Student: 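Here's a structure for you.
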Amino acid sequence: MGTITFDDLEWTGHITIRPIDISMTGLGVESDQPIKPGLIWFNEYIGGNKCGVLVWCNQDGAKYRAGIQFVPLNPFQEDYFDQQIHQARSNEQIQDPHRLVEALVADIKIKSDREKLFYA
């Protein structure tokens, strides 16, 4: 798994996580190192998703526990995001990272608003 951190939009790869629990909307994980807030990109699909947002990360003894909310992407968004990750891994500048983050955050808000209406 890797992250694009919110504070500096920098790619941090090769973070090893151990899934603790999974739901339809997210994933609880354990890690040996803290995970910085940002967009999460999974190396493999987890619960049908390749992307998520770190919601929280707390130290628990010598380990760190974190909660990740899934961000469902359509195939076009997933391909675009994957291209950006490959560019970041090759030390090329991410194309318009603010647009990428804004689009994903807007998508999360829309889905959250739909869930509120559904469960109301």
Side-chain angles (χ1 to χ4, degrees):
M1 155 186 123
T3 65
I4 295 178
T5 57
F6 287 144
D7 58 352
D8 56 12
L9 298 175
E10 179 178 270
W11 171 256
T12 305
H14 305 297
I15 297 173
T16 303
I17 58 169
R18 288 170 296 289
I20 305 256
D21 51 54
I22 188 168
S23 71
M24 294 293 292
T25 59
L27 175 70
V29 299
E30 186 176 77
S31 175
D32 293 331
Q33 60 189 24
I35 304 170
K36 291 183 180 181
L39 298 172
I40 307 296
W41 188 251
F42 303 114
N43 296 332
E44 298 179 20
Y45 285 94
I46 298 178
N49 297 281
K50 289 281 286 184
C51 186
V53 174
L54 181 72
V55 178
W56 56 270
C57 183
N58 296 318
Q59 189 166 5
D60 184 17
K63 307 282 184 195
Y64 292 86
R65 290 188 53 115
I68 299 169
Q69 180 179 350
F70 293 134
V71 178
L73 301 176
N74 66 42
F76 176 78
Q77 292 169 322
E78 193 173 294
D79 287 343
Y80 178 78
F81 197 95
D82 195 44
Q83 290 172 359
Q84 298 303 303
I85 295 298
H86 287 298
Q87 285 180 337
R89 287 178 178 170
S90 66
N91 294 327
E92 295 177 28
Q93 185 172 1
I94 295 175
Q95 298 173 3
D96 200 1
H98 296 288
R99 188 186 82 148
L100 178 64
V101 171
E102 287 172 4
L104 291 172
V105 168
D107 192 49
I108 291 169
K109 287 180 182 177
I110 289 169
K111 285 179 176 63
S112 176
D113 289 344
R114 283 186 204 145
E115 287 177 1
K116 287 177 187 173
L117 290 173
F118 180 75
Y119 292 111

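Small disclaimer: the values here were computed from a predicted structure and weren't measured.
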Student: At what distance, to the nearest 0.5 angstrom, does CD1 of I68 lie from SG of C57?
Tutor: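 It is 9.0 Å, given to the nearest 0.5 Å.
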
Student: Between atom SG of C51 and atom CD of Q69, what is the distance when rounded to the nearest 0.5 Å?
Tutor: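 Nearest 0.5 Å value for the SG-CD distance: 10.5 Å.
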
Student: Checking the side chain of D60 only, and the main-chain atoms of K63 only, is there a donor and an acceptor separated by less than 3.5 Å?
Tutor: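 No; zero donor-acceptor contacts below 3.5 Å.
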
Student: What's the spacing between F42 CZ and I40 CD1 if we round to 0.5 Å?
Tutor: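 Rounded to the nearest 0.5 Å, the CZ-CD1 separation comes out at 6.5 Å.
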
Student: Checking S23 side chain against G26 main chain: does a donor-acceptor pair fall under 3.5 Å?
Tutor: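 Checking the backbone N and O of G26 against the side chain of S23, a donor-acceptor pair under 3.5 Å is found.
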
Student: Going from CG on L54 to OG1 on T3, what distance comes out if it is rounded to the nearest 0.5 angstrom?
Tutor: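 L54 CG to T3 OG1: 8.5 Å, rounded to 0.5 Å.
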
Student: What's the separation between atom CD1 in I22 and atom CG in N49, rounded to the nearest 0.5 Å?
Tutor: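 Going from CD1 on I22 over to CG on N49, the span is 8.0 Å.
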
Student: Would Q77 and V71 count as a side-chain contact (heavy atoms from CB on, under 4.5 Å) here? Give the steps.
Tutor: CA-CA 11 Å; Q77 292 169 322; V71 178; over 6 Å; no

Student: Mind checking who shares a hydrophobic cluster with W56, ILVMFWY linked at side-chain heavy-atom distances under 4.5 Å?
Tutor: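 Reading the cluster by chain and number, W56 sits alongside V55.
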
Student: Please check if L27 and Y64 belong to a single hydrophobic cluster, counting links between Ile, Leu, Val, Met, Phe, Trp and Tyr side chain heavy atoms closer than 4.5 Å.
Tutor: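 Cluster IDs for L27 and Y64 differ.
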
Student: Would you give the length of the straight line joining atom NZ of K50 to atom CG of L73, rounded to the nearest 0.5 angstrom?
Tutor: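 It comes to 10.5 Å.
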
Student: Scan residues 15-25 for pairs that pass salt bridge (Lys or Arg N to Asp or Glu O under 4.0 Å), counting only residues two or more places apart or in two chains.
Tutor: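 Counting only pairs at least two positions apart or across chains, the salt bridge (Lys or Arg N to Asp or Glu O under 4.0 Å) contacts touching residues 15-25 are R18-E30, R18-D32.
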
